[in-house]
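In what follows, a single structure is set out as structure tokens and then discussed.
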Amino acid sequence: MMKKKANWKTWTLIGTAFAGTAGWFILSPGGEEIAAVPTFSATRGPLQVAVLQGGEIRALQNYEVKSEIETPTKILSIIPEGYLITDEDVKEGKVLIELDSTDIKTRIQNHEIEFQTTVSNYIDADEGREIQRSENQSLVRDMKEASTFALMDFEKYLGRDLTTKILDDASLPSTVAALDKYVVMLDSQANTPVDPAIAKATSAGAKPAAPPSAKKITAKPVQSRIDFSPFLEGAAEGDGEAQQKLRQLEDKMLLSKSELAVAKQKVESSERLAARSFISKTQLENDQVTFEKVTLAVKTATTELDLFKKYEFSKQCALLLSAYRESLTRLERTVRANRSKMATAETRFTTSKRRYEMELAQREDLERQLKACNIKAMQPGLVAYGDLDAGASYNYSNSIEEGATVRLRQTLLTIPDMSQMGVNVKVHESQVKKVKIGQTALIRVDAEPGIVLEGRVAELALMPDSSSSRYTPNLKVYPSNIHISGTHPWLRPGMNAKVEIVVDQLSDVVFVPVQSVEVEQDQHYCYIRSGSKLERRFIKTGVFNDEFIEVRDGVRAGEEVALALPKKANTEDGARPAGAPDIDPGLPTKPKGKAKEKAKDVAAAVPAAKTSAN
């Protein structure tokens, strides 16, 4: 079909030239009259240059009804082709096609079970996430209380001022308010879900930077053991247990020393009295025992005070500080564990949510497909089966009828918009350079040969049609779309039409029929009547159409030009001019063959050609 359209113009030219050659057979070498050769009077006037192509009427816009069922399905019923859908049909929702929905209904029933399970998992994951968040808050709150109690124990033992100084030096929260801020920061981390982008980057082997909310807040590590003994210097006036015990031990030692001095004076006095026998030996011995007891008590108090200063105080401070640090460490471990648990809960929730969304989308899609099994009228128009823009072989292999199996996205019906029509033509590569967007076109439809429609070139492909090259590699045609002006109710898609694309409009030129021109070695010649003979004359040509060609030099208006191209004739000068320039080789060459019986038809066609040219 495409090859036939592409060669239509060539066969027309050859046929016209072949009919014109019939005239020269009236000449004979034996001396018949040269006046019997049909001629054409070179004419000066307007000349319209057009590219003639065959095409097919198409609607500029089509509403296509396609199958939306994912699996192949069969047509149970379909509206007859050529049915005219009315506005009433659209309003009532007339069913155009009914497809088999048995398989889709089965899939919906099977999917319902999976969907309900997915809904349950989604709800459970959502509630589990909230439960985990609550548990995290409880754990952090417990760890906060433990740290607060450890801080209070430390303050209780050393006093607030001394504790603050030690904890500041150790870069630890030194007050309850500072501890509260520290816990709030850790608590916010415990409930911060892990960024999916971080998890994705980590799985890919990258090392993403932690977000600000995920930065670990920890105390500065203590590089050396703290010596707490200097804190006792001048701390007797403090308000901690350590200061209180220090005062008690010091008071006890002072009291023992006072008692020792008294006991010593008493022993010395008793010894003097015993020497004079003023007191008994037993009383002396009692005073001496008392002195020894007081002496031991002084030693004990002194030792106890030294042990407290050197060992017990530092040990107790270290224990309390270690307990406080350990409580902060447990708090940090709790936060880390909470983050891990929260990330697991968030991941489970996200997975369940995505699963639910996928199942919900699949459920909606199945319901949509079930609804799409009954295709209803959506707009008025004429019903055509298949794809109007596809080839005949495609529509034959994808026939649309009751019982036929159709696939997803296959075009079942096409409803063309009859208000805007056009012609699809394929321009041969030899003519495509002449065709431009916006050029005027004259359309003649085979169904109404007496009517000439006007249009314009709206589209022209930049690349040749690949489907034509597949079957005929040497044939290169370029698809073009001609928009027809106005509305013509009698036009129908699929009608054959001939299109003349007006590529040039010359106002005042000399032209002759194309069959009057002889091409020899890329030079153009005409046979001009000169008396009783024909003069072979070199000419310069210009643009041409399917009937006439412009003569720029060599022929004057009014000269008689032979329509035949004789092989032998009596000419005054048959020499070829030297240095003749090359002219467009696209003209038809000198025809071959004999057709004397058609000479009369050529002579009759000449007046009609003159009329068309004028």
Side-chain angles (χ1 to χ4, degrees), residues 136-191 212-213 215-257 300-338:
N136 290 351
Q137 293 174 353
S138 298
L139 291 173
V140 171
R141 185 169 52 251
D142 293 343
M143 291 299 100
K144 174 189 173 182
E145 291 180 355
S147 298
T148 302
F149 293 156
L151 176 60
M152 293 173 64
D153 291 340
F154 201 24
E155 287 183 351
K156 177 183 177 183
Y157 187 73
L158 287 180
R160 178 168 299 178
D161 295 338
L162 191 56
T163 300
T164 300
K165 183 178 184 307
I166 294 175
L167 294 180
D168 286 340
D169 293 341
S171 299
L172 296 175
S174 57
T175 62
V176 176
L179 179 61
D180 289 339
K181 293 180 180 179
Y182 179 76
V183 172
V184 169
M185 297 176 70
L186 295 180
D187 188 35
S188 63
Q189 294 180 15
N191 296 304
S213 60
K215 289 183 179 179
K216 183 173 67 173
I217 303 174
T218 57
K220 294 181 181 179
V222 179
Q223 300 297 333
S224 59
R225 177 175 170 272
I226 299 177
D227 183 12
F228 295 96
S229 56
F231 295 109
L232 281 178
E233 298 297 332
E237 301 298 328
D239 56 352
E241 287 184 350
Q243 288 84 353
Q244 183 177 0
K245 187 172 184 180
L246 177 61
R247 289 195 297 269
Q248 291 176 351
L249 293 176
E250 289 177 345
D251 293 344
K252 182 178 179 182
M253 186 184 64
L254 292 176
L255 181 61
S256 298
K257 286 183 177 182
T300 300
T302 303
T303 302
E304 188 176 359
L305 179 60
D306 292 340
L307 290 175
F308 176 76
K309 290 182 178 182
K310 293 181 180 181
Y311 303 106
E312 185 177 350
F313 174 75
S314 297
K315 175 184 176 181
Q316 191 65 23
C317 288
L319 288 176
L320 293 175
L321 180 60
S322 176
Y324 182 54
R325 281 178 173 161
E326 183 62 25
S327 67
L328 295 178
T329 302
R330 286 196 301 268
L331 178 60
E332 184 179 344
R333 286 200 300 266
T334 301
V335 170
R336 288 176 176 269
N338 289 350

For this session: Look only at the side chain of E241 and the backbone of L158, and say whether a donor-acceptor pair between them is shorter than 3.5 Å.
Result: no
Exercise. Is any side-chain N of the basic residue among R333 and E326 closer than 4.0 Å to the acidic one's carboxylate O?
Worked result: yes
For this session: Provide the closest heavy-atom pair for L249 versus L305 in the form atom of the first, atom of the second, distance.
Result: CB-CD1, 3.7 Å
Exercise. Given the rule in the side chain to side chain contact (heavy atoms under 4.5 Å, CB included) test, do L172 and L321 qualify, once you have shown the distances and angles that lead to the verdict?
Worked result: CA-CA 10 Å; L172 296 175; L321 180 60; 4.1 Å; yes
For this session: May I ask you to check whether T164 and S174 show a side-chain donor-acceptor distance below 3.5 Å?
Result: no
Problem set entry | CZ (R160) with more than 12 external heavy atoms under 6.0 Å | no
Exercise. Salt bridge (Lys or Arg N to Asp or Glu O under 4.0 Å) with K245: which of E304, E312, E250?
Worked result: E312
Problem set entry | Distance (rounded to the nearest 0.5 Å) between L162 CG and Y157 OH | 11.0 Å
Seminar exercise, completed: CG of L179 to NZ of K144, rounded to nearest 0.5 Å, is 7.0 Å
For this session: Return the minimal non-hydrogen interatomic distance between F228 and F313, and the atom names on each side.
Result: O-CE2, 3.0 Å
Seminar exercise, completed: CZ (F154) and CD1 (I166) are apart, to the nearest 0.5 Å, by 4.5 Å
Exercise. Would a distance-only check, ignoring hydrogens and angles, find a side-chain to backbone donor-acceptor pair under 3.5 Å from Y324 to P173?
Worked result: yes
Problem set entry | Residue pair S138 / R141, side-chain donor-acceptor N/O under 3.5 Å | yes
Exercise. Out of D169, L167, T163, which residue meets the side-chain contact (heavy atoms from CB on, under 4.5 Å) rule with K165?
Worked result: D169
Exercise. Going from NZ on K315 to CG on L307, what distance comes out if it is rounded to the nearest 0.5 angstrom?
Worked result: 11.5 Å
For this session: Give, for atom OG1 of T329 and atom CE of M143, the distance between the pair rounded to the nearest 0.5 Å.
Result: 11.5 Å
For this session: Look up atom OG1 in T334 and atom CG in L328, then write down how far apart they are to the nearest 0.5 Å.
Result: 11.0 Å
Exercise. So which heavy atom on A301 is nearest to which on S256, and how close?
Worked result: CB-OG, 4.1 Å
Exercise. Which heavy atom in D153 sits nearest to a heavy atom in L320, and how many Å separate them?
Worked result: O-CD1, 3.8 Å
